[in-house]
Amino acid sequence: MAGGSYEIVLAPGVLRQAGEELALGRRALVVTDEGVPPEYAGQVAARCKRAVCLTVAQGEESKSFDTLQLLLKTMLDAGFTRGDCVVAVGGGVVGDLSAFAASIYMRGIDFYNIPTTLLSQVDSSIGGKTAVNFHGVKNVVGSFFQPKKVLIDPDTLRTLSPRQLHAGLAEAIKMAATRDAELFALLEESRDLEADLPEIIRRSLCIKRDVVEQDPTEKGLRKVLNFGHTLGHAIEGFHQGTLYHGECVALGMLPLCSAGAGERLKRVLEKYELPTRVEQSGEELLPYILHDKKMGAEKVTAILVDEIGSFRFAELTPAELMEYWERRI
C-alpha cells in the first residue's frame with residue numbers, strides 16, 4: 001500500500017501475542033477508550049518496554065482537536081522521540097484519532113492498530129485514513145498515514161453487544177454489495193454469524209486491500225468504499241450520535257440501489273437488525289450533504305448498485321442525490 005507495505009495478521013488470540021508481533025521495545029502510547037475492556041490495552045501495555053496508557057471517552061466526541069491535543073501533549077510530556085510509537089486498541093474512533101496523532105507528532109512516528117470492533121476490523125483499521133471531526137463535520141481534518149502493522153483478533157468481538165456487532169457488519173455488507181457477490185450470498189445465507197465472522201472479515205479485508213492498493217489516496221476507485229457514506233454521514237450528523245455509524249451507512253446504501261438489488265439489500269439489513277428507514281426529508285439532510293468533504297465542484301461522486309457485486313459511479317448534484325433519498329425503498 002501507499003506509504004509502504006505492512007502485514008495484517010488475522011488470528012484468534014493474536015492480541016495476546018502483541019509482544020511478539022509488534023516492535024514494543026521502546027516508548028509506546030497505548031490508546032483505548034472507556035468502552036473497550038481495559039484488559040485489552042493492559043495486555044499490550046504489559047509487553048511494552050515503557051508504556052504510557054491513555055483512555056479517552058467513548059464515542060465520536062473524542063475525534064476532536066481537544067482529544068488530539070491531549071494525545072500529543074501526553075507524548076511530549078513523556079519525552080517521546082521519532083523512534084517511539086503509538087498503539088491503538090479499540091474501534092474506529094480510537095484508530096482514526098491515534099493514527100492522526102502519530103502522523104503529525106514529530107512529522108510521523110510508527111503506528112500500530114489493534115481493532116477490537118467488527119466495524120474497525122473489516123474497514124477502518126487498514127487503508128491509512130486518519131482524521132478528527134471539526135465544527136460538526138465528520139472526518140474533515142486528517143491525513144493519509146499507513147500503520148506499520150495491524151493485528152485483528154476475532155475473539156475481541158465476543159464482548160460486543162449484538163447492536164454493535166451488527167452495526168459493524170454494515171461495512172462488510174457495503175463491500176459485498178459493490179465488489180463481492182459471493183460474500184453477499186454468505187451474509188444472506190449465514191446461519192451462524194459467529195462461526196462465519198473470520199471468513200467475512202478476511203474477504204472484506206481482501207476487498208479493501210485490493211481497492212486501496214490501486215488507489216491509495218482516493219483519486220478514483222477508492223471512492224467505491226464510500227457506498228452509503230455520503231447519505232450515511234448526513235444521517236449521522238442529523239441524529240447526533242443516537243444512531244451508530246454502521247446503522248447510518250445501512251440507511252445510506254438503500255436509496256442508491258436498483259429495485260432488485262435494493263430488495264436483496266433490505267432483506268440482509270433486516271436479517272441483522274439494521275435499520276432500513278428513517279423519516280428525515282431531503283431538505284433536513286441537505287445541509288449535512290453540502291458540508292461533506294467528498295463534495296467537489298458542486299457535485300458528489302455517488303456509488304450506485306444496479307446488481308449485487310458490481311457498481312457504477314455517478315456525479316450527482318446535492319439536489320439529485322436528494323431525489324434518490326426521497327424515492328428510497
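All of these numbers come straight from a predicted model, not from anything done at the bench.
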Heavy-atom closest pair, residues A172 and I200
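Taking every non-hydrogen atom into account, CB-CG2, 3.8 Å.
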What are the two closest non-hydrogen atoms of F227 and V249, and how far apart are they?
O-CG1, 4.0 Å
When you compare the side chains of [X] and [Y], does any donor N or O come within less than 3.5 Å of an acceptor on the partner?
{"X": "S120", "Y": "S125", "value": "no"}
{"X": "S190", "Y": "D196", "value": "yes"}
{"X": "E315", "Y": "T301", "value": "yes"}

Would you call the rings of H245 and H233 parallel, tilted or perpendicular, where under 30° means parallel and over 60° means perpendicular?
tilted
Check this for me, if you would: do [X] and [Y] make a salt bridge, where the nitrogen-to-carboxylate-oxygen distance has to be below 4.0 angstrom?
{"X": "R277", "Y": "E279", "answer": "yes"}
{"X": "D123", "Y": "K174", "answer": "yes"}
{"X": "R163", "Y": "E273", "answer": "no"}
{"X": "K266", "Y": "E263", "answer": "no"}

Would you say that I109 contacts R26 through its side chain, given a criterion of any heavy-atom pair below 4.5 Å between the two side chains?
no
Are K129 and D96 packed together at the side-chain level, in the sense that at least one heavy-atom pair is separated by less than 4.5 angstrom?
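In short, these two side chains do not touch, never coming nearer than 4.5 Å.
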Answer yes or no: does atom [atom1] of [X] have more than 12 heavy-atom neighbours from other residues, nucleotides or ligands under 6.0 Å?
{"X": "E20", "atom1": "CD", "result": "yes"}
{"X": "E270", "atom1": "CD", "result": "yes"}
{"X": "E307", "atom1": "CD", "result": "no"}
{"X": "E61", "atom1": "CD", "result": "no"}

